[in-house]
Novice: 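For reference, the structure I am asking about is given below.
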Amino acid sequence: MFASHGSYEISLLQNNSIVKVKFIGAWNKEAVFDFFDDLKKCPLAERWVAIADLTEWEGATPELTEAYLPVVDWCLAHGECATGHIYAKNWQYLFVEKLRLYRSQSIPQMSFTDESSAIVWANSQLHAVAV
């Protein structure tokens with residue numbers, strides 16, 4: 001195993017119903033394992049929306065996709081009802097779109113360039129779920 005490269009900040013908002021994760025730096029699969037361990041410890045609401053802030057993310061090693069798929073599966077099995085992505089660069093969007101193709105997700109997804117729009121959208125998704 002290699003040392004973990006890349007970091008993250010997990011923020012729980014609105015009674016743990018919005019999980020905002022800021023991905024920072026260049027990632028390897030070991031960073032995914034560390035992130036997944038911490039995510040599983042979070043006291044998540046029964047239904048929640050994920051917001052992935054990729055504005056400071058610098059990319060990943062090729063094996064990241066395979067390492068991240070169990071994270072996606074776990075999130076879907078543990079109440080994730082929508083996902084928003086905040087991008088600063090087009091290549092970030094293209095990478096995540098490629099990752100999404102590996103798992104067909106039946107939950108709403110949206111792309112943003114700023115956090116405030118992502119939060120407003122996340123709230124609308126939570127309201128839509130509650131109806």
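Nothing fancy with the numbering, it's 1 onward along the sequence.
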Novice: Measuring from atom CD1 of I24 to atom CD of E56, what distance do you get when rounded to the nearest 0.5 angstrom?
Specialist: 5.5 Å

Novice: Rounded at 0.5 Å granularity, tell me how far OG in S17 sits from CZ in R47.
Specialist: 11.5 Å

Novice: Can you name the closest pair of heavy atoms from G6 and A31 and give their distance?
Specialist: O-CB, 4.2 Å

Novice: In sequence, state the C-alpha distance, the side-chain angles, and the governing distance for K20 and E115, and then conclude on salt bridge (Lys or Arg N to Asp or Glu O under 4.0 Å).
Specialist: CA-CA 9 Å; K20 182 180 146 281; E115 181 179 327; 3.7 Å; yes

Novice: Passes ring-ring contact (aromatic ring centres under 6.0 Å, His included), Y68 versus F36? Steps please.
Specialist: CA-CA 9 Å; Y68 202 77; F36 193 22; 8.4 Å; no

Novice: For W48 versus V19, what's the shortest heavy-atom pair and its separation?
Specialist: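 Nearest heavy atoms, W48 then V19: CE3-CG2, 3.6 Å.
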
Novice: Which atom pair, heavy atoms only, marks the closest approach of A122 to I18?
Specialist: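 Heavy atoms only, the tightest pair is CB-CD1, 3.8 Å.
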
Novice: For residues S111 and Y87, report the shortest heavy-atom separation together with the two atoms involved.
Specialist: OG-CE1, 3.4 Å

Novice: Could you walk me through whether H85 and D53 pass the side-chain contact (heavy atoms from CB on, under 4.5 Å) test, one step at a time?
Specialist: CA-CA 6 Å; H85 298 98; D53 181 344; over 6 Å; no

Novice: How many angstroms lie between atom CD1 of I51 and atom CD1 of I86, to the nearest 0.5 angstrom?
Specialist: 6.0 Å

Novice: Looking only at atom types and distance, does a side-chain atom of S117 sit under 3.5 Å from a main-chain N or O of D114, one as donor and one as acceptor?
Specialist: no

Novice: Within a reach of under 6.0 Å around CG of N15, are more than 12 heavy atoms found that belong to other residues, nucleotides or ligands?
Specialist: no

Novice: Would you compute the distance between atom CG of N16 and atom CD of E46 and round it to the nearest 0.5 angstrom?
Specialist: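 Going from the CG atom of N16 to the CD atom of E46 covers 13.0 Å.
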
Novice: Got a sec, which residues hit side-chain contact (heavy atoms from CB on, under 4.5 Å) with T61, two or more places apart in sequence or on another chain?
Specialist: N28, E63

Novice: Just verifying a value: how many Å separate W121 CH2 and Q109 CD, rounded to the nearest 0.5 Å?
Specialist: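 W121 atom CH2 to Q109 atom CD measures 7.5 Å (nearest 0.5 Å).
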
Novice: Closest approach of Y8 and D34, non-hydrogen atoms and distance?
Specialist: OH-O, 3.1 Å

Novice: Could you walk me through whether E9 and V21 pass side-chain contact (heavy atoms from CB on, under 4.5 Å), step by step?
Specialist: CA-CA 6 Å; E9 298 169 1; V21 181; over 6 Å; no

Novice: With side chains defined as the heavy atoms from C-beta onward, is the minimum distance between T55 and F23 less than 4.5 Å?
Specialist: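 No, side chains not in contact.
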
Novice: Would you say that P108 contacts T83 through its side chain, given a criterion of any heavy-atom pair below 4.5 Å between the two side chains?
Specialist: no

Novice: Mind checking the OG-CZ spacing from S4 to F33? Nearest 0.5 Å is all I need.
Specialist: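 The CZ atom of F33 is 10.0 Å from OG of S4, to the nearest 0.5 Å.
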
Novice: Does any part of the side chain of V120, heavy atoms only, come nearer than 4.5 Å to the side chain of N123, both counted from C-beta?
Specialist: no

Novice: Restricting to ring pair (Phe, Tyr, Trp, His ring centres under 6.0 Å), what partner residues turn up for H78, sequence neighbours left out?
Specialist: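 Result, ring pair (Phe, Tyr, Trp, His ring centres under 6.0 Å) vs H78: W74.
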
Novice: Measure across E80 and A50 and return the closest heavy-atom pair with its distance rounded to 0.1 Å.
Specialist: OE2-CB, 3.3 Å

Novice: Set out, in order, the CA-CA distance, both residues' side-chain angles and the distance that settles side-chain contact (heavy atoms from CB on, under 4.5 Å) for D38 and I10, then state yes or no.
Specialist: CA-CA 9 Å; D38 285 346; I10 300 173; 4.1 Å; yes

Novice: I want to check something: taking the side chain as every heavy atom from C-beta on, are L44 and L12 in contact at a cut-off of under 4.5 Å?
Specialist: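 Yes, close enough: below the 4.5 Å cut-off.
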
